[in-house]
Amino acid sequence: MSTAIVTHKDCILHDTGIHHPESQERLLSVFKTLKNFKSKKIQWIDGPNINLKHINLVHSEHHIKNIINNVPTKGFFNIDADTVLSPNSIKSAFKAMGSVCKAVDLICTEKFKNAFCPIRPPGHHAEPEKAMGFCLFNNVAIGAYYAKLKYKLKKCAVIDFDVHHGNGTQKKFWDDPNMFYASTHQEGIFPGTGFKNEIGVNNNIINVPLPGGTNGLLFKKSYEDIIIPNLKKFSPDMIFISAGFDGHKDDPLADFKLTEEDFFWVTNKLRNFSDKYCKKRLVSCLEGGYNIDALSKSSLAHVKGLIL
Ligand SMILES: [Zn+2]
């Protein structure tokens, strides 16, 4: 079997209120589009709740308690201007993190070649001590540390093509020479990090900030010339993708000019890398993407890039 789609319908429950871009409709639409895509090469798998101790691989006790204790019984609790808790937020977040860990299990026991986790809330802005930017817990970083712990992998890499810089993942990986984080993102927008000179403790962080208006050509060149060669140098045992589709030309939150074909291209590139150098160990996690139509079409292009 080629590709597992690991998620849980509870990930839809996290409610951010009306007019919030990180809406329940996002995942409803992705599920619908992916379910309509009939392929013998994909299989849907339900993600379980995460084991609490695995959240601790990335987040402090204080952060975990702070989130859990602030969940309201009704209405909303605003962590900051963008980041909201509603009564079912923990249910969604625990299934999101559990799905990523389940995907790691499926890949590391060679039941599948790779996996996509269409989950929410997203994760790459969540820092060890702080929820921010729609993110409560860092799903992808937890998956990477879980893979190291459970399957004794030495080195893991996260490649992040969301249009925003994954400050949370970078912060967690910064001091750990066995973790690699590489990001393409639009310069000068939220969260304001991801400069070229942010390189981590051992050149294990690669930031490629790109100008507004960036199209497929420049995006692809960044992977060909910078990210893939550095990834090769790092030589990971497994790769993770922070798959944000808000670099799409129709996305309302940023100004890249990417298309579904560009997301297919980068997925294919990373899948090829994992096939060749990482024993086909690849897990991808959904991050951003706020034009519903562009998000679902891009997610489908992503899955098509994984199953090839
Ligand atoms: Zn984003």
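Whatever order the structure lists them in is the order used to number ligands and atoms, beginning at 1. Since the model is a prediction, treat every value here as computed from it, not as a measurement.
The Zn ion (ligand 1) has no N, O or S atom of His124 under 2.8 Å away, backbone or side chain.
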Donor-acceptor list for residues 275-282 side chains, cut-off 3.5 Å, not counting sequence neighbours:
from   : atom 1 : to     : atom 2 : distance (Å)
Asp275 : OD2    : Arg271 : NH1    : 2.7
Tyr277 : OH     : Lys232 : NZ     : 3.1
Arg281 : NH1    : Asp237 : O      : 2.8

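The NZ atom of Lys150 lies 12.0 Å from the CG atom of Leu57; values are rounded to the nearest 0.5 Å.
Think of Leu253 as one node in a network of Ile, Leu, Val, Met, Phe, Trp and Tyr side chains linked at under 4.5 Å; its network also takes in Phe134, Tyr290.
Here Asp162 contributes OD2 and Asp246 contributes OD2, and at the Zn ion (ligand 1) these two atoms make an angle of 90°, given to 10°.
Taking the six-membered ring where tryptophan is involved, the planes of His302 and Phe245 are perpendicular, since the angle between them exceeds 60° and thus also 30°.
Looking only at N/O/S atoms, His164 comes nearest to the Zn ion (ligand 1) through ND1.
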